[in-house]
Amino acid sequence: MAPSFDDENSLFDFVVKNGNGVKGLVDSGIAKVPKRYVQPPQERIDKLDAFSQVLSPIDLSKLDQPAEHDQVAETIIRAAETLGFFQVVNHGVPVELLEALKDAAHKFFAQPPKKKAVYLKAVSPSPLIKYGTSFVPEKEKALEWKDYISMNYTNDAEALEHWPNQCKEVALEYLKASTKMVWKLIEVLLKNLGVTQKHNSIIEALTGQNMVNMNFYPACPDPELTVGVGRHSDLGTITVLLQDGIGGLYVKAEENIDTAKKPEWIEIPPIPGALVINVGDTLQILSNGRYKSAEHRVRTTSTQSRVSIPFFTTPKRTTKIGPLPQLVTIDQAAHYREVTFGDYMDHFFGNAHEGKKSLDFTRNSSD
């Protein structure tokens, strides 16, 4: 008989403090979603209210072809200015590696709880590696149906020594290949903002810190009541996301998105071999609002467990972020004040997910 998790303190200790995670709940044999995971009605994801849109993937190899470069660059820019999400193929990350990544994620989360719990924040062998569940469990009224392992990168030696054996080599290769791709994308986006000289130093500042996460969404007894990840935008510069074939990613459309019907939420179905790219808050701030960080969320499923592997590229904590000077004119005021990325990050991780509210921390009061 499955244990009862009606007592919220016992559930919190089991899932969060002891490192059993959501997978531990499911493995215990629960037949219903515990109360602590039941989302308020307005936060639940109704598939019928979303519009499924297969975004034509952008062929990134054409950026290296003079005859095709400008057209592809314009497509990237348009996506960054509207939905803030797009998919890419021929991106330089081997498809075989992507498949190996998904397998590695499943292997890590299939381990017994005690094997994963060694990476809990309080006992992890490195402060750069963290295993956990939900987003900020201590601050959330309703927990997210997700476990994760987070791996910050400093150098190869540290990664190979401390990252989990099940995934360290493929995760490191994914990080390196994705970094090359992100540089190409940022070059295109910066040039569109009028950055033509010394752009390498700006890109280095925007990509000073890199991290790979592996997310695990166990099959849920009643996905209508839960969310895998709540409404949020990413805090960094650009995120690269590998989805598996199950799907569940939903993006909030801006008012100026070009569709005959303008739904509030758009489902982004997975495309084999493709990677999902999305704009983060840092790039929205840098562009003074021209590029849109994308508010998104993740649905759970009752049929099978799902994995996703995001690569986050962000500035270092000490880097100052604010609108580019050339974008602030008499006719175009600065919509955001300059802050250190570390301060922005502390604010972001100090609160539960609530859409794009984190941007208010740096938004000018005159807006």
Side-chain angles (χ1 to χ4, degrees), residues 36-53 79-86 133-146 148 213 215 217 223-239 241 248-257 259 262-268 276-300 308 310 312 314 321 323 335-337 339 341 343-365 367:
R36 187 71 191 273
Y37 285 91
V38 175
Q39 296 286 329
Q42 68 271 19
E43 297 299 335
R44 299 174 194 172
I45 303 174
D46 186 348
K47 291 196 295 185
L48 299 179
D49 286 343
F51 179 74
S52 181
Q53 183 178 35
E81 291 177 339
T82 52
L83 188 60
F85 259 77
F86 53 98
T133 189
S134 199
F135 179 60
V136 188
E138 296 79 9
K139 297 287 184 75
E140 294 164 329
K141 293 181 180 178
L143 298 176
E144 299 175 343
W145 198 265
K146 177 193 77 171
Y148 68 89
N213 274 24
N215 299 326
Y217 306 94
E224 306 298 332
L225 298 178
T226 61
V227 296
V229 181
R231 299 179 300 110
H232 72 289
S233 54
D234 293 342
L235 78 163
T237 305
I238 280 181
T239 301
L241 176 70
L249 174 64
Y250 292 78
V251 180
K252 191 172 184 179
E254 295 281 350
E255 289 299 318
N256 58 349
I257 188 71
T259 57
K262 296 180 179 178
E264 184 178 16
W265 290 97
I266 295 175
E267 184 179 5
I268 308 296
V276 180
I277 309 295
N278 68 273
V279 170
D281 292 349
T282 296
L283 202 52
Q284 177 163 332
I285 293 167
L286 181 88
S287 68
N288 203 28
R290 184 165 177 179
Y291 298 141
K292 310 297 184 186
S293 66
E295 183 176 339
H296 54 288
R297 56 186 182 173
V298 175
R299 193 178 188 274
T300 58
S308 68
F312 299 103
T314 73
I321 56 173
H335 298 307
Y336 308 96
R337 61 187 177 88
V339 297
F341 183 72
D343 286 344
Y344 189 74
M345 186 164 63
D346 290 344
H347 173 76
F348 184 89
F349 285 105
N351 297 278
H353 282 146
E354 193 176 351
K356 294 179 67 171
K357 191 173 181 181
S358 289
L359 276 168
D360 292 345
F361 176 74
T362 184
R363 203 183 302 273
N364 272 331
S365 57
D367 277 12

Exercise for review: Before giving the answer on side-chain contact (heavy atoms from CB on, under 4.5 Å), spell out for Thr362 and Arg337 the whole-Å C-alpha distance, their side-chain angles and the decisive distance to 0.1 Å.
Suggested key: CA-CA 5 Å; Thr362 184; Arg337 61 187 177 88; 3.9 Å; yes

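- Applying the ring pair (Phe, Tyr, Trp, His ring centres under 6.0 Å) rule to Phe135 yields the partners Phe348, Phe349, His353; only residues at least two apart in sequence or on another chain are considered.
- Between the side chain of Lys139 and the backbone N or O of Gly350, at least one donor-acceptor pair lies under 3.5 Å.
- Looking at heavy atoms from C-beta onward, Leu225 lies in side-chain contact with Arg44 at the 4.5 angstrom threshold.
- In this structure Asn351 satisfies the side-chain contact (heavy atoms from CB on, under 4.5 Å) test together with His347, sequence neighbours excluded.
- Annotation: side-chain contact (heavy atoms from CB on, under 4.5 Å) contacts of Thr300 (sequence neighbours excluded): Trp145, Cys220, Pro223, Thr226.
- Judged by the 6.0 Å and 45° rule, Arg299 forms no cation-pi pair with Trp265.
- At least one donor-acceptor pair closer than 3.5 Å links the side chain of Thr133 to the backbone N or O of Lys146.
- Within the 4.5 Å cutoff, side-chain heavy atoms of Ile45 are placed close to those of Val227.
- Judged by distance alone, the side chain of Gln39 and the main-chain N or O of Leu143 form a donor-acceptor pair under 3.5 Å.
- Here the rule is side chain to side chain donor-acceptor pair (under 3.5 Å) with Glu295, and of His232, Lys357, Arg231 only Arg231 fits it.
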**Study point:** side-chain contact (heavy atoms from CB on, under 4.5 Å) assessment of Phe85 paired with Leu249
**Key:** CA-CA 11 Å; Phe85 259 77; Leu249 174 64; 3.7 Å; yes

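- Shown here is Lys356, whose NZ atom has more than 12 heavy atoms of other residues, nucleotides or ligands within 6.0 Å.
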